Number of protein chains: 2
Amino acid sequence: MPLVNDVKWVETLTFRFGVLGALVADRYARALAEHDLKPKHVGLLSVLDAGLGASQLEIAKLMRVAPSLVVSLADHLEAAGAVERLRDPADRRRQILRLTDRGHDLLARCTARATALDAELTAGLTPAQQAALGAAFDRLAAAHGLPLHEDPDATPR
Amino acid sequence: MPLVNDVKWVETLTFRFGVLGALVADRYARALAEHDLKPKHVGLLSVLDAGLGASQLEIAKLMRVAPSLVVSLADHLEAAGAVERLRDPADRRRQILRLTDRGHDLLARCTARATALDAELTAGLTPAQQAALGAAFDRLAAAHGLPLHEDPDATPR
DNA sequence: CCAAACCGTTCTAGCCATGAATGATTTGGA
DNA sequence: TCCAAATCATTCATGGCTAGAACGGTTTGG
């Protein structure tokens with residue numbers, strides 16, 4: 001395959017997602033440390049808030065992590081008083097995770113923090129660019145079957 | 001602070017960067033496994049290709065990783081014949097890393113692979129949306145002082 | 001009624017990345 | 001000129017995060 005591709009690696013979306021994603025993740029992780037949480041903890045909280053995940057196994061599938069990881073995440077959140085475990089009376093193998101008031105409050109705080117980071121991150125963008133970015137992300141998430149995304153309106157034509 | 005923020009966590013850019021970034025990183029990592037490389041290896045290759053990083057310490061700063069990690073990355077790439085280490089004659093403490101022909105070739109292959117992934121990823125987007133996404137990424141990278149980015153033209157006004 | 005499947009949990013192991021300690025080399029000031 | 005401090009690369013020990021195997025309790029279907 002002697003055909004040469006003159007696109008530089010740096011110009012690739014894949015690369016940019018990598019560096020920017022790392023930047024955003026790092027900032028977010030540091031902001032969350034204030035509440036003694038990791039990003040995945042918030043992920044779990046949001047799944048519960050959305051009313052998804054009747055069992056821990058389903059949550060694991062939604063979050064695309066190992067079931068055993070959900071256990072430790074839930075342990076931590078339970079110890080923090082953010083969630084409570086209830087045996088499913090219909091199937092006593094299952095644990096039903098429920099957000100406590102404190103859990104809702106915690107999620108709200110984390111969301112507010114993330115929103116502040118968003119503003120900081122996109123400070124150099126015009127409102128139009130910000131909107132375009134958000135719309136593109138929505139489409140990408142929908143196109144790749146990610147959970148927890150809002151269905152983007154079929155605006156373009 | 002009784003003031004309630006009604007933005008949902010899912011609607012946050014921070015969240016979307018997290019999930020999409022993970023998706024992209026995972027795909028890319030799996031594609032790279034074919035060449036027995038990790039994303040950071042390609043990061044190092046691209047730094048060298050750009051002519052940056054006179055010493056391993058500078059490379060570590062550019063890549064924002066620990067100097068000791070650069071050692072192991074370079075070890076692997078050297079074993080693969082992609083880079084060679086040369087003692088800097090002017091300062092014999094320094095190792096100068098240089099891309100071999102095989103290194104250039106490897107980087108080109110990885111870039112081509114990433115470009116293919118880009119196309120796959122953005123298949124659901126209109127060309128205008130793709131362009132907007134790329135432009136937004138450029139601005140973000142520039143605004144946050146990331147290395148290896150093209151300086152976006154000062155088009156807006 | 002029992003074997004197979006299922007759920008949550010614990011425990012072990014692997015990978016990636018960091019930070020401290022080391023040896024070689026250079027530098028700047030007395 | 002000479003020596004202490006700084007610098008660079010390297011090695012080693014450590015920690016965090018995650019997956020996977022193994023296990024007990026529970027349900028299901030033949």
Side-chain angles (χ1 to χ4, degrees), chain A residues 18-19 21-23 25-30 32-33 35-44 47-48 52-79 83-98, chain B residues 18-19 21-23 25-30 32-33 35-45 47-48 52-80 83-98:
Chain A
V19 283
L23 180 82
D26 185 60
R27 288 188 180 208
Y28 189 49
R30 260 181 295 154
L32 250 39
H35 297 300
D36 193 30
L37 292 178
K38 307 281 179 184
K40 300 224 163 165
H41 291 131
V42 184
L44 176 50
V47 167
L48 296 178
L52 304 173
S55 69
Q56 292 185 193
L57 206 65
E58 286 181 34
I59 293 174
K61 279 175 193 148
L62 283 174
M63 294 182 65
R64 305 188 177 189
V65 297
S68 58
L69 183 58
V70 177
V71 175
S72 62
L73 293 175
D75 282 349
H76 185 89
L77 291 174
E78 190 178 27
V83 305
E84 51 188 5
R85 275 191 242 239
L86 309 168
R87 281 279 166 198
D88 184 345
D91 184 342
R92 296 183 38 231
R93 286 172 302 184
R94 300 191 172 196
Q95 298 270 41
I96 297 179
L97 295 180
R98 215 177 61 80
Chain B
V19 281
L23 179 82
D26 185 60
R27 288 189 180 206
Y28 189 48
R30 259 180 296 153
L32 250 40
H35 296 301
D36 192 30
L37 292 179
K38 308 282 178 181
K40 301 224 163 164
H41 291 131
V42 183
L44 176 50
L45 289 179
V47 167
L48 297 178
L52 303 173
S55 69
Q56 292 185 193
L57 205 65
E58 286 179 35
I59 293 174
K61 280 175 191 148
L62 284 173
M63 294 181 66
R64 303 187 179 192
V65 298
S68 57
L69 183 59
V70 177
V71 174
S72 62
L73 294 175
D75 281 350
H76 185 89
L77 291 174
E78 191 178 27
V83 305
E84 51 188 4
R85 275 190 243 241
L86 309 168
R87 282 280 167 197
D88 183 345
D91 183 343
R92 298 185 35 232
R93 288 171 304 184
R94 300 192 171 194
Q95 297 272 38
I96 297 179
L97 295 181
R98 216 176 63 79

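Numbered from 1 within each chain, the chains take letters A, B, ... in sequence-line order. Since the model is a prediction, treat every value here as computed from it, not as a measurement.
A sub-4.0 Å separation between OP1 or OP2 of D/dC17 and a side-chain N or O of A/K40 is absent.
The shortest side-chain heavy-atom distance between B/L45 and B/V83 falls under the 4.5 Å cut-off. B/L77 is listed as a side-chain neighbour of B/L37, based on a closest heavy-atom distance under 4.5 Å. Contact annotation: the side chain of A/H76 never approaches that of A/K40 to less than 4.5 Å [non-hydrogen atoms, C-beta and beyond]. At least one side-chain heavy atom of A/L97 sits less than 4.5 Å from a side-chain heavy atom of A/Q56. Side-chain contact between A/M63 and A/L73: present, with at least one pair of heavy atoms (C-beta onward) separated by less than 4.5 Å. No side-chain heavy atom of A/S55 sits less than 4.5 Å from a side-chain heavy atom of A/D88.
Listed by residue number, A/D91, A/R92, A/R93 are the residues of residues 87-97 of chain A with a heavy-atom contact under 4.0 Å to DNA chain D. The stretch residues 66-77 of chain B touches DNA chain C through B/A66, B/S68, B/L69, each having a heavy atom under 4.0 angstrom from the strand.
One interatomic measurement links the two molecules: CG of A/D26 to C1' of D/dC17, which rounds to 16 Å at whole-angstrom precision. With rounding to whole Å, A/L44 atom CG is found 13 Å from D/dT18 atom P.
Listed by chain and residue number, nothing satisfies the salt bridge (Lys or Arg N to Asp or Glu O under 4.0 Å) test with B/R92 (two or more places apart in sequence, or in another chain). Not counting sequence neighbours, B/R87 has no partner by the salt bridge (Lys or Arg N to Asp or Glu O under 4.0 Å) test. Every residue two or more places apart in sequence or in another chain that forms a side chain to side chain donor-acceptor pair (under 3.5 Å) with B/E78 is listed here: B/R85.
The outermost nucleotides of DNA chain C lying under 4.0 Å from heavy atoms of chain A, listed 5' to 3', are C/dA5 to C/dT10.
A distance of 11.0 Å separates CD1 of B/I96 from CG of B/L48, quoted to the nearest 0.5 Å.
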